[in-house]
Structures are given as C-alpha cells and as structure tokens.
Colleague: 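Before I ask anything, let me first share the structure, which is written out below as structure tokens.
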Amino acid sequence: KRSIGKLKARVNVGDAIMDLAKESNHIPNHQALTHGEIVVARYKLIPEGGRLPDPGSLPKEIRRKNFGNTYTRLHRKELSPTMVPGNNAFPVHPTLNRSLTPREAARIQSFPDDVIFTGSRKEQCILVGNAVPPLMASHIAESIKRHIETRKSVLSEDVPLLKKFSVFERSTEMVKNKSVRSYSKGKDAINFIDLFSGAGGITIGLMNAGMRPILCNDKDAYVAKTHRHNFPEIPFVDGDLSKPETEKTIMEIIGTKEIDLLVGGPPCQGFSIFGERRFLNTQNREYNPHNEPRNKLVYVYLDYIKKIRPKWFIMENVPGFASLDDGYFLKSLLKELTKLGYANHDWRIINTADYGVPQQRKRFILIGNRTGHIIPWPKAKFFANPEDWQKHFRTVGEVLSDLSGKSSYKRFKNHEPMNHAQHLVDRFSYIKEGKKMDLSVLPEHLKKAMHTGKDIKNYSHVYKRLSRSEPSTTLVPGHSAFPIHPTLNRTLTVREGARIQTFPDSIEFIGPRSEQYRQVGNAFPPLAAEYIGNFIIKAINNNWTNQNVSELAHYSLIDSPRDLSETVLP
C-alpha cells in the first residue's frame with residue numbers, strides 16, 4: 001500500500017527501523033531495555049528471522065524449560081509478526097542483541113515519529129502493541145470517503161428520484177416514509193442505459209448503488225406509462241429496438257456521451273420446445289443462432305453493444321438461457337462478444353435470495369467489459385441453512401406483515417385484493433401455510449372446475465400458499481399466477497408482489513391490474529441489481545484487475561462459484 005501524508009508505507013522491517021540502530025536515547029520512546037547477561041547470551045544464538053534453538057542444545061547455564069514467543073529475532077527483509085503488548089514481549093532486533101524499543105515498534109506499526117507515547121517504558125510498549133496501525137486506518141478512511149463522495153456526486157436537488165429503499169430496513173415505520181430523493185447530472189457518476197427495462201427494477205437498483213441513468217427503453221405501452229409516472233426526468237424511449245426509428249432516437253439522446261454501462265434483459269423464447277431432436281446435428285455448424293427468429297432480440301441487444309461501445313455491459317435472462325440449444329447458443333454469443341472487444345466476460349446463475357430479496361428467484365447474469373477490470377460477483381449474504389454467524393434468507397413475513405389489514409388497502413398504491421369467486425376462496429382455505437393444495441382433502445364439490453366440470457389440477461403456482469417464515473417462490477407474471485397470501489384466502493396484491501420483488505412503496509404501477517401484475521412479475525429485483533451495481537463500482541474505483549486485486553478481495557468481495565446446474569456448456 002502507498003503512503004498517506006506523513007504515514008509512511010514500509011517495504012519490510014529493515015526499511016522501517018534500521019536507521020534507528022545507531023541512534024541514542026535522545027529520540028523519544030527509543031529507550032532500550034538493559035538485559036541481563038543470560039538473556040543477551042540467548043539472543044546471540046538466535047539467527048536473523050529465526051528462533052532460539054531447542055533448549056537441549058543450549059549451554060546448561062542459559063537453559064530454560066519454556067521460552068514462549070519472547071526469543072524471536074526479526075528479519076530485515078521480511079515483515080514483522082504481530083506486536084504483543086508488554087515491556088519484554090516485543091521481538092528481538094534483527095542485528096542487535098536486545099528487544100525492540102517502543103519507537104522501533106511504533107515505526108513498524110506505522111506511527112510517525114512525532115507521536116509521543118507517555119508513561120513508563122512498560123506503559124509505552126502496551127500503548128504501541130495495542131494500537132491499530134494508523135496507515136491501515138487511513139486507507140480505510142480513504143475508502144469510506146471515496147464511497148461517500150461517489151454517492152454525493154449523484155445526489156442533489158435537481159431531478160426527482162425514488163427514495164432509496166432496502167429490504168434490510170423494511171418495517172412498518174419505513175412504509176410511512178415515501179418521499180423522493182434526487183440525483184445530479186454530474187459527470188463523475190458512472191452512467192448507464194437500461195434497455196428492455198420493464199417497470200425499472202434494474203434502473204432503481206443501479207441508481208441506489210450511485211449510478212446515473214442516461215435513458216431507459218421498452219416497447220410496452222403500459223411500462224412506458226409506469227416509467228414516465230415514476231421517473232419523469234429520465235428519458236424513456238418506447239419502441240421496438242430493432243426498428244430504425246427507435247435506434248435513431250436512442251443514439252440522438254446519447255449524442256457524444258461515453259457510456260459506462262449498458263444493461264438489458266432481451267426476451268428470448270428460443271428454448272428447446274421443439275425437443276432435443278432439432279439440435280442433434282448442431283455440431284456440423286449448419287445451425288446458425290442468428291437465423292433462429294426466437295433469438296432475434298438477443299442479437300438486437302448485441303448490435304447495441306456494438307453501436308454504443310459501452311465500457312461495461314450486463315445481460316440478464318431466465319436461468320434456462322444457459323442451456324438453450326444445449327449450450328450452443330450461449331457459446332456462440334460469447335464468441336461474438338469476444339470479437340467485439342469484450343473478451344473479458346463471465347456469467348453466473350444467481351439466486352436473488354442470496355442478496356436479501358425475500359424470493360427464491362434464479363436469473364442468468366452475463367457481465368463483460370473492455371476495460372480489463374475483474375468481473376465482480378458478490379458472495380452470498382443470506383442463506384437457507386445459515387451457520388451461527390450467517391443470516392437466514394429474508395422472509396415473506398418480514399415484508400408483508402403490515403399489508404394484511406383492510407385499512408392498508410387504502411393506504412398503499414396497487415394494493416387492491418382480487419375479488420375471487422367463492423369456490424376459489426373455499427379452495428384456498430384448505431391450503432396450509434407454505435404448502436401446495438392437497439386435492440385429497442377437498443370436499444367433492446371443490447374438486448371439479450366450475451365451468452367444465454372436470455377435475456381440477458394442482459398447478460404449482462396457482463394453488464401454492466406462501467410461508468411467513470420463508471422466502472417466496474419465484475413470482476410468475478400474471479394476475480392469476482401469483483401465489484396465495486400466507487394467512488388470507490386470496491392471492492397476493494400487486495403491492496405485495498412488489499414488496500417481495502423489493503420495489504419501493506413509492507413506485508406506482510400503471511395500467512389495468514393484469515398489466516400491473518405482469519410488470520411486477522417480469523421485473524428484476526432492485527435490491528439484487530443494487531448489489532451488482534455496488535460491486536461494479538468497487539471494481540472500477542479500486543481499479544481491480546487480475547494483476548492487482550488482493551486475495552482478500554477475491555475471498556470476501558468477488559469470488560462466487562458458478563452454478564452449473566442450469567447449463568450443459570463444456
């Protein structure tokens with residue numbers, strides 16, 4: 001690490017203290033202990049960087065049963081071990097037959113020489129040994145300062161922005177606080193474009209991380225109304241991205257700006273619904289993914305990467321994306337990205353519950369850049385079966401508890417319950433919390449569909465009641481596809497679904513209720529997007545590359561194992 005101010009970074013012990021070897025006691029806190037002859041005789045037998053030989057090999061007059069850690073000599077070209085507080089607990093000088101002075105230990109701890117330690121010599125040694133190294137504290141402070149300044153650069157009073165929301169802080173009191181915040185147009189903030197944005201889940205998450213939106217896009221008319229209602233100052237381009245007029249509008253808004261991040265979740269219907277037979281012969285390379293019409297929008301997104309040339313890109317999709325066409329489609333896509341200059345890429349299938357979203361929702365995430373920065377994958381913060389020191393998945397009960405009373409229906413937007421037919425309400429009443437419907441316990445008159453008279457089926461999402469003590473299952477788009485409330489005999493409201501998706505209460509979904517449900521169900525959870533955005537910012541601000549990222553950062557911040565369960569890629 002580099003020096004900061006008068007706090008000097010030292011290469012090794014020699015760099016820190018060897019200039020003090022010939023100095024006298026006029027230097028503050030540089031008083032050496034006067035050791036007895038036996039102790040000095042022992043010191044003379046310790047090699048530099050080593051320890052006192054085995055007691056059995058010592059002359060009888062200087063033997064002792066237990067020498068502990070007090071007979072360790074430092075090495076000039078190496079780092080010191082931890083300084084243990086105490087008058088006679090410091091290690092032995094690299095070349096002199098004495099223990100370190102308080103000043104020498106203070107140098108190793110990175111204290112500047114003008115910091116004076118008072119009290120007896122023993123008390124000085126305890127003060128030095130117990131201290132946090134000032135240089136380490138200074139580097140921590142610099143990182144905090146950078147984080148705060150980054151946040152301030154995107155927060156001002158110019159443009160309306162949704163108040164930052166976190167499911168970590170969800171409570172009845174938080175619900176009442178629905179004011180908006182604002183972001184600045186400062187050039188220092190990392191900017192982004194959100195294509196196929198939907199209701200804005202990724203946009204909200206990236207803004208909460210401190211990024212600045214340039215524009216958003218979607219071709220859905222109701223999504224456009226929702227976006228303009230909630231984010232009136234963020235340019236929204238409603239239109240098919242494959243149309244020339246849409247591309248023209250987007251490029252005009254971008255102008256000469258350099259785009260830091262392009263993010264998008266292009267719909268992809270190219271799943272193996274035709275069966276594996278179609279792709280048995282793909283190895284002959286006659287099959288071209290470009291010619292598959294169901295893959296069209298993925299290649300449209302690829303075209304925008306080529307045209308805009310962002311420094312970074314993120315593409316998200318359903319987990320089955322990785323196994324599409326037996327993995328051949330993803331493999332082909334990655335080759336094309338490499339040709340465009342984005343050889344530095346990586347993908348994962350993440351579970352948003354790992355990052356505090358109260359929902360077991362898996363998504364395919366592909367991240368790439370042309371800057372050489374390492375691809376950061378946040379480690380899981382929440383767990384299904386946590387150890388004592390870990391946190392359990394966030395639960396449905398944590399985010400829905402204040403929405404159950406009838407008075408809440410008028411207090412919150414998009415919180416009107418479905419008016420179910422009585423036979424549906426009756427069926428719901430037989431479903432236990434956290435369970436699917438058990439057809440065997442239904443009365444005969446509830447086992448038949450009202451209109452067809454045929455036996456009903458236990459569909460996985462329609463007849464599933466959530467549990468207050470567990471995260472939700474994946475929310476499937478559609479007003480009749482949301483699961484059943486944990487304690488009430490009705491399906492979730494739009495607002496309850498939005499809470500599970502970690503949307504702030506101040507976001508209002510526009511359109512018929514069926515469209516509101518679809519917007520919520522299709523969205524990427526803002527909190528998960530915020531995690532990803534935060535780690536991209538860290539990678540950029542810390543200039544993390546494969547050459548300079550520390551092992552500690554790899555372990556605690558970046559490394560996340562790839563989930564191979566959803567792919568057949570070699």
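When reading the values below, keep in mind they use all heavy atoms of this one structure, side chains included, and skip hydrogens, waters and symmetry mates.
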Colleague: Taking only residues two or more places apart in sequence, or in another chain, which ones meet Asn12 in a side-chain contact (heavy atoms from CB on, under 4.5 Å)?
Modeller: Asp15, Lys77
Colleague: Using the salt bridge (charged side-chain N to carboxylate O under 4.0 Å, His left out) criterion, which residues pair with Lys60? Sequence neighbours excluded.
Modeller: none
Colleague: Which residues pass the salt bridge (charged side-chain N to carboxylate O under 4.0 Å, His left out) test with Glu258, not counting sequence neighbours?
Modeller: Lys311, Arg370
Colleague: Return the set of residues passing side-chain hydrogen bond (donor to acceptor under 3.5 Å, both in side chains) with Lys6 (not counting sequence neighbours), or none when no residue passes.
Modeller: Asp114
Colleague: Tell me, which pairs form a salt bridge (charged side-chain N to carboxylate O under 4.0 Å, His left out) where one or both residues lie in residues 91-101, sequence neighbours left out?
Modeller: Arg98-Glu104
Colleague: Which residues pass the side-chain contact (heavy atoms from CB on, under 4.5 Å) test with Asn385, sequence neighbours left out?
Modeller: none
Colleague: Return all side-chain donor-acceptor pairs below 3.5 angstrom for residues 127-138, not counting sequence neighbours, or 'none' if the list is empty.
Modeller:
| residue | atom | partner | partner atom | Å |
| --- | --- | --- | --- | --- |
| Asn130 | ND2 | Ile126 | O | 3.4 |

Colleague: Parallel under 30°, tilted from 30 to 60°, perpendicular over 60°: which one fits the rings of Phe535 and Tyr531?
Modeller: parallel
Colleague: Arg361: which residues meet the salt bridge (charged side-chain N to carboxylate O under 4.0 Å, His left out) condition with it, sequence neighbours left out?
Modeller: none
Colleague: Tell me every residue that passes side-chain hydrogen bond (donor to acceptor under 3.5 Å, both in side chains) with Asn548, counting only those two or more places apart in sequence or in another chain.
Modeller: Thr545
Colleague: Going by side-chain contact (heavy atoms from CB on, under 4.5 Å), name the residues that satisfy it together with Thr487, two or more places apart in sequence or in a different chain.
Modeller: Arg468, His485
Colleague: Would you please name every residue forming a side-chain hydrogen bond (donor to acceptor under 3.5 Å, both in side chains) with Asn344, sequence neighbours left out?
Modeller: Asn369
Colleague: Mind checking salt bridge (charged side-chain N to carboxylate O under 4.0 Å, His left out) for Glu470 and listing every partner two or more places apart, or none if nothing turns up?
Modeller: none
